[in-house]
Amino acid sequence: MPNSANTSALGAFRRAIAQRQNVRNYGVWSFLLLSLGVTAWFTPGFLSWGTLDNTLIQAFPVLLVALGMTMVMSSGGIDISVGAIMAIAGAVSGRLYTSNAGLAPSVAGGILAGGLCGLFNGTLISKFKIQPIIVTLVVMIAGRGLAQTILGKPSVSFSFNSSLNVLGQYKIAGLPIQIVIMIAAVAMMLFVVKKTVFAKHVEAIGDNPRAARLVGINILRTTACVYVLCSILCAVAGIMKVALTGGVNAAGLGKFIELDAIAAVAIGGTSFSGGRARIFGTVIGAVIIPLVTVIAGMNDMRDHHAMIFKAVIVIGVLLVRRER
Amino acid sequence: MVEDCLLKMTGICKAFPGVKALQDVDFSVKYGQTHALMGENGAGKSTLIKVLTGIYQKDAGEIVFDAESIAPTDAAQSQHMGISTIYQELNLAPCLSVAENIFIGREPKKYGLIDWKTIESRARSILGDMGVTGVNVSRPLNEHSVAIQQMAAIARALSLDAKLLVMDEPTSSLSETEAGLLFDVIRRVKARGSSVIFISHKMSEVFEICDTATILRDGCLVGEYPMADLTKLKMVSLMIGRDATSVLHRKKEVSRGLDDRELVLKARGLSRAHRTKEIDIDIAGGQILGVAGLLGSGRTELARILFGDEICDGGEIEIAGAAAHLRTPRDAIRLGVGFCSEDRKAEGVFPHMSVMENMTAGILGELSAGGVLSRKAQMQVAQTYIDKLGIKTSGPDQRMGELSGGNQQKVLLARWLCKKPVLMILDEPMRGIDLGAKSEIEDIIADLAGKGVAVLMISSEMEELIRSCDKIVVLSEGRKAGQLTAREISEERIVQMLAHGSHPGQEAVHAK
Amino acid sequence: MLCKITATRLEEILPMKTLQTVILSLVAVAAICAGVSCNRGASASKGKSVAYSSPGDANGWFLAFSSELKKEAEKRGYSFSVTHAQQNTARQLSDVEDIIAQKPTFLILGPKDTKASADALRTARKAGVPVIVVNRDINGEHGADYITKIYSDFEWIGEKMAQAVREAFPADKKTIRIVEIHGTLGSANTTGMSKGIRKVIDNDARMELVRSQPGNFQRDVAMAAMENIIQSGVEFDAVICHYDDEAMGAIQALTRKGRKMGNDPSRGEIIIVGNGGTTVGLEAVKAGKYHKIVSVTPYYADKVFEAIEAHLAGKKLDPYIRVDDIVIDKNNVDKHMATGF
């Protein structure tokens with residue numbers, strides 16, 4: 001591949017490190033370990049359960065959304081409406097809960113609303129052949145308005161001992177419920193990707209959509225399912241975040257999470273042009289991003305500096321990861 | 001002699017990794033000449049034109065244009081020198097007006113603003129000179145017919161003082177009347193002293209409009225011939241490199257009495273747009289039907305219609321005795337049809353997935369329970385076919401993209417074999433595959449037919465068809481030009497049918 | 001009509017079925033908007049009248065504020081009307097046009113936007129209706145565009161919050177370590193409060209600002225920030241939040257991390273002080289988790305009418321009259337519960 005990138009200095013550097021096999025494969029891990037080591041050295045109290053707890057709790061929504069995004073990207077698509085879907089699900093649950101619908105119906109209602117959003121995305125994309133980025137952009141903008149309309153007011157809060165708030169702070173065997181859900185979601189997605197016909201069809205569509213059609217894969221149904229799955233994960237993320245914080249803010253819930261989720265998928269190594277879904281990589285990516293925020297917050301870094309720090313880390317990981 | 005040549009290309013060589021696309025090709029065009037550049041797919045026509053227009057850089061050779069040695073490095077440069085190309089897909093701006101398209105990038109200006117009056121009157125006069133009148137030059141290009149759009153492209157070239165116009169398949173999307181209009185324009189262009197290089201797969205057009213033809217084959221020059229010395233038959237023979245009178249012996253037994261068997265495929269009057277017209281096809285179980293035809297003859301469209309990938313405008317299809325309404329490939333697959341595309345890379349392989357995944361992509365449902373795949377069952381299928389077809393791979397988990405063309409093709413065949421089809425459609429199954437693998441694939445196909453599967457095989461290689469097929473249908477310009485039964489199959493007959501299109505006998509009058 | 005215009009444009013880019021969906025959802029949205037539209041319109045009666053153009057929703061705070069105005073108006077013999085612009089500048093401008101058309105004696109304007117709502121001032125000026133600006137600042141010329149501006153001062157609120165923290169600790173406490181969860185950087189409220197807080201802290205040797213992180217007026221952002229601060233191991237005695245939602249996030253984080261919060265530092269309880277007055281905030285005060293709220297008070301109708309009458313008496317007023325906001329704690333929280341928003 002005689003392209004300009006390879007003739008540049010960076011290209012030379014990359015070639016040099018690529019000479020050692022596996023640098024790319026283990027690069028992300030080495031980078032992660034290195035940055036953790038550096039961080040532990042200058043951050044007091046870093047190596048503790050509390051930091052892990054913070055990181056995982058803050059990674060929770062990003063991770064769930066990124067798992068869904070991994071499948072979407074594996075199919076060769078993209079979903080930027082994930083944050084709005086979180087808000088819609090949160091708003092529906094919040095509205096139901098404040099109308100005394102009870103905990104279980106409220107949660108179920110939110111998940112159903114999320115699933116319907118996914119069905120809308122999936123149908124427009126697969127059946128009407130509208131570009132994923134356009135469809136989900138529309139839902140991203142209109143969805144947030146819809147969430148605010150559903151909620152009826154800018155924000156709604158629940159009292160400290162309400163069942164929804166208790167759910168958000170609930171612990172199972174000493175582990176916060178979010179961490180338990182996260183482990184379950186990752187296990188489920190690993191199973192789906194490794195074992196199911198569905199995931200193989202998704203990968204095939206992402207790898208070569210023409211060939212997938214000619215081999216008889218039901219592209220319509222598979223694509224719709226991918227977006228529904230992603231949206232349901234978003235809905236769970238949104239509802240659990242509402243439960244954790246004890247309130248819904250329809251304008252702010254899940255805002256900009258699409259960027260973190262896409263970055264997580266990129267760090268994880270799932271190709272943007274579709275193909276193999278890398279669940280484990282996505283998990284690492286989804287943890288790195290909030291970890292940066294945690295580190296910044298622990299070191300009293302100013303917010304705008306923290307943003308730059310985050311960008312540098314993400315670019316660093318991507319450079320190590322870069323293929324070819 | 002040099003003086004009367006506008007263009008003289010000598011000893012042109014061009015190689016791509018693994019392929020010699022042009023080897024020592026000479027090509028020259030005289031002033032005011034309409035020169036046909038002929039050859040089958042892959043003969044090197046496009047490469048030669050791309051070298052001429054600067055899109056590719058030649059490895060060796062010399063180009064003399066208008067008495068000057070040139071070496072263009074991009075299309076803009078060659079255009080500046082006076083070489084304009086009109087492609088199949090027009091490179092015009094469809095939303096701009098006809099006038100704007102003609103003058104784009106060099107609009108006449110007045111006080112720094114575009115002078116619309118001048119632009120439109122000049123556009124009208126250029127079109128008028130070409131004999132094209134009644135065009136509203138201020139309307140967007142895409143509101144006009146394809147023919148007018150092409151005229152605009154030619155007008156643009158002429159207004160650039162093009163000395164040489166290269167037309168690559170200009171008539172592929174024109175009706176006969178529109179093509180006639182185009183030929184009038186070409187004659188006027190010629191009368192002005194400009195030269196034209198005309199590339200078309202429609203033989204009758206070439207004979208109508210061109211003075212001279214240069215024929216290429218496999219990247220080599222076959223020769224330059226005045227049209228008067230050529231017949232369609234001779235031209236086809238030269239293009240495909242077979243002496244039409246020599247007859248090769250077939251590998252297969254001539255007759256196996258297959259015509260008495262029950263038909264697996266019965267298609268009547270298949271039509272789609274103007275690319276396939278009223279085609280009838282019958283294939284019995286165990287029969288291998290060959291489809292011969294030049295590029296653009298409708299052969300690939302026929303395959304796609306039978307597989308439900310394209311929907312036909314008219315006609316009826318019966319598969320295994322039942323009427324088939326094919327709207328998607330899934331409909332065809334459900335009825336037991338399999339299909340290997342001519343473009344393995346774009347439409348066949350999943351390059352990043354494993355050999356096993358590629359092979360079992362169509363039968364995942366059968367290898368799973370409740371949506372959960374059995375890797376064991378997948379492995380079993382993969383291993384069976386790897387052994388059976390002799391696929392050279394490090395194992396079922398090897399990435400498909402790493403396999404050679406021949407082995408990829410075997411995996412794709414296995415993909416359908418494991419589905420046990422009743423009808424298998426193979427579009428160019430041996431394209432881009434080395435000789436050894438070719439013969440193996442021929443054996444696989446024969447084996448398939450031996451099991452009672454009906455096979456439809458498309459190939460541009462005469463020899464492949466003759467060696468494998470029980471029956472051959474020849475397509476020409478979207479129509480069925482003829483059909484040869486096992487006894488009648490010979491290269492001579494095929495070539496004749498290819499050359500004469502759907503009007504056999506017509507040529508015989510002119511032939512000496 | 002609107003739907004139709006949109007439809008003709010969309011037709012070209014969307015397939016028919018999608019178009020139907022779009023139209024249906026537009027109709028649905030329009031219906032919802034119509035359903036929630038507020039009680040607009042003002043009745044012009046003989047004698048002196050005042051009309052209030054509220055920028056916000058018909059929520060607790062603005063309802064309290066306008067009912068106070070109404071009470072005060074009736075007491076003093078004015079007729080009164082109110083419109084709610086629901087956070088929509090364009091809507092406020094049309095509200096004001098409607099009001100002006102009825103020629104009230106006074107317009108009380110709560111501007112939605114410092115710049116964009118200034119058009120309302122011109123409308124009133126043209127019609128010769130005097131304006132008193134309330135709730136927040138607006139661009140305009142004192143004397144010409146408005147008589148005076150009466151509203152809270154965020155710097156003052158910041159000072160009050162810091163003072164409330166100081167008062168929560170006994171005089172012999174050597175150091176009071178404070179964490180600030182601030183609002184969106186660049187907003188006038190954030191800038192004002194930060195300034196006021198620092199003014200007090202800088203002048204008191206015992207007080208120390210140990211951390212300042214953004215909460216962006218949002219619960220989840222504040223919660224994450226608080227969790228990270230706790231995890232960094234920094235010791236602190238009090239948290240000042242720029243808004244109730246941030247305080248709620250801080251409370252959630254402290255609760256999750258097993259910290260206590262309340263009113264008594266001697267029992268190891270962290271003192272949380274914030275700005276706001278939301279129902280949830282008031283409930284938290286009542287529950288003993290939220291020490292004090294410096295509330296932007298809705299109770300200054302008397303000041304507004306004093307200004308009106310002073311103007312009618314021909315007196316020249318100061319360009320700005322500050323409202324002394326209220327501090328809500330567990331002793332007076334019940335009284336303020338009704339005005340929670």
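In what follows, chains carry the letters A, B, and so on, assigned in the order in which the sequence lines appear, proteins first and then strands, with residues in each chain numbered from 1.
Checking side-chain atoms of A:R213 against main-chain N and O of B:D309 turns up a donor-acceptor pair under 3.5 Å.
With a threshold of 4.5 angstrom between heavy atoms, A:A212 approaches chain B through its backbone and through its side chain. Contact of B:F339 with chain A is made through the side chain alone, with heavy-atom distances under 4.5 Å. Of the atoms belonging to B:A346, it is backbone heavy atoms, and not side-chain ones, that fall under 4.5 Å from chain A. With a 4.5 angstrom heavy-atom cutoff, B:K345 touches chain A only via backbone atoms.
A distance of 13.0 Å separates CZ of B:R344 from CG of A:N208, quoted to the nearest 0.5 Å. In this structure, CZ in A:R276 is found 6.0 Å from CE in B:M353, a value given to the nearest 0.5 Å. In this structure, A:S273 OG and B:H352 NE2 are separated by 7.0 Å, a value rounded to the nearest 0.5 Å. In this structure, NZ in A:K200 is found 7.0 Å from OG in B:S354, a value given to the nearest 0.5 Å. We find the CZ-CG distance between B:R415 and A:L214 to be 9.0 Å, quoted to the nearest 0.5 Å. Between the CG atom of A:D207 and the CG atom of B:N358 there is a distance of 7.5 Å, given to the nearest 0.5 Å.
The 12-atom threshold is not exceeded at CD of A:Q131, counting heavy atoms of other residues, nucleotides or ligands nearer than 6.0 Å. Heavy atoms of other residues, nucleotides or ligands lying less than 6.0 angstrom from CD of B:Q398 number more than 12. Residue A:F280 qualifies as open at atom CZ: its count of foreign heavy atoms under 6.0 Å is 12 or below.
For A:F191 against B:V372, the heavy-atom pair with the smallest separation is CZ-CG2, 3.7 Å. Across all their heavy atoms, B:G348 and A:A211 have their closest contact at O-CB, 3.3 Å. Shown here for B:I333 and A:G216, the closest heavy-atom pair between the two residues is CD1-CA, 3.2 Å.
Side-chain contact between B:E347 and A:R210: present, with at least one pair of heavy atoms (C-beta onward) separated by less than 4.5 Å. Side-chain contact between A:T196 and B:L373 is absent, with no heavy-atom pair separated by less than 4.5 Å.
When each of B:T328, B:V349, B:L367 is scored by its heavy-atom pairs under 4.5 Å with chain A, the top score falls to B:V349. The greatest number of non-hydrogen atom pairs below 4.5 Å with chain A, out of B:S341, B:G362, B:G338, B:P351, is found for B:P351.
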